[in-house]
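In what follows, a single structure is set out as structure tokens and then discussed.
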Amino acid sequence: MSNGIFQFACPCCGKRIEYDVRSHQARAVKVKDAKVSKDFDALLADQSLERKRLDSAFGQAVDAQKHEKEALEDLFRTAKKKADEDPDDAPPRPFDLD
């Protein structure tokens, strides 16, 4: 990594990438050794696990969104109730300042 050149491995394809800081150019240098190929059943099992993980994450995000909506509605109701009970806390209107 001398002379402002950074080297790192691409997480997708495994190629070694060199990035020159001065010229702002990147280039792929070398292909990483090929990984041992998996059989079809192993690929299907990996895909199934990944699908379950993503479905779980999506379900958690949906639940969080539903609870967030309920919490915001509850805050709005309490603020509205407080404003109705005590109208003196309202900010002055610009027309009343004249």
Side-chain angles (χ1 to χ4, degrees):
M1 286 197 321
S2 62
N3 302 331
I5 296 177
F6 293 98
Q7 296 180 0
F8 56 94
C10 177
C12 299
C13 63
K15 291 183 180 181
R16 191 177 75 206
I17 308 250
E18 287 185 351
Y19 178 73
D20 188 357
V21 177
R22 288 185 226 143
S23 66
H24 301 288
Q25 293 181 349
R27 66 182 184 124
V29 177
K30 180 180 169 185
V31 177
K32 189 176 181 180
D33 295 330
K35 296 179 181 177
V36 177
S37 62
K38 296 182 179 180
D39 63 342
F40 188 69
D41 292 332
L43 291 173
L44 284 177
D46 291 345
Q47 182 67 24
S48 175
L49 290 174
E50 184 69 12
R51 184 178 191 182
K52 288 178 185 177
R53 185 186 68 81
L54 291 175
D55 286 343
S56 174
F58 181 74
Q60 290 174 355
V62 169
D63 290 341
Q65 186 70 25
K66 287 180 184 177
H67 294 302
E68 181 180 357
K69 183 178 178 182
E70 293 170 359
L72 288 175
E73 287 178 0
D74 186 42
L75 285 173
F76 178 74
R77 277 190 231 106
T78 57
K80 185 176 178 183
K81 184 178 178 181
K82 182 178 177 184
D84 289 341
E85 290 174 359
D86 193 14
D88 293 337
D89 288 341
R93 298 183 310 176
F95 302 110
D96 295 338
L97 297 175
D98 290 336

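Only a predicted model underlies this, so the values are computations on that prediction, with no experimental measurement involved. Side chains are part of it too, since the values below use all heavy atoms of this structure and drop only hydrogens, waters and symmetry mates.
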To the nearest 0.5 angstrom, please state how far the [atom1] atom of [X] sits from the [atom2] atom of [Y].
| X | Y | atom1 | atom2 | result |
| --- | --- | --- | --- | --- |
| D55 | Q60 | CG | CD | 11.5 Å |
| K81 | F76 | NZ | CZ | 14.5 Å |
| L49 | L44 | CG | CG | 11.0 Å |
| I5 | Q25 | CD1 | CD | 10.5 Å |
| E73 | K80 | CD | NZ | 12.0 Å |
| F6 | I17 | CZ | CD1 | 15.0 Å |

> Going through the checks in order, is the salt bridge (Lys or Arg N to Asp or Glu O under 4.0 Å) test met by E70 and K66?
Replying inline: CA-CA 6 Å; E70 293 170 359; K66 287 180 184 177; over 6 Å; no

> Does F58 reach the side chain of L54, with side-chain heavy atoms less than 4.5 Å apart?
Replying inline: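 SC-SC contact between F58 and L54 ruled out.
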
>> Quick check: do H24 and Y19 have side-chain heavy atoms less than 4.5 Å from each other?
In response: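 H24 vs Y19: side chains touch.
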
> Can a salt bridge be assigned to the pair E50 and R53 using a cut-off of 4.0 Å between side-chain N and carboxylate O?
Replying inline: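 Yes, charged N to carboxylate O under 4.0 Å.
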
>> Tell me whether S56 contacts the main-chain N or O of K52 through its side chain, where contact means a donor paired with an acceptor under 3.5 Å.
In response: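 No.
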
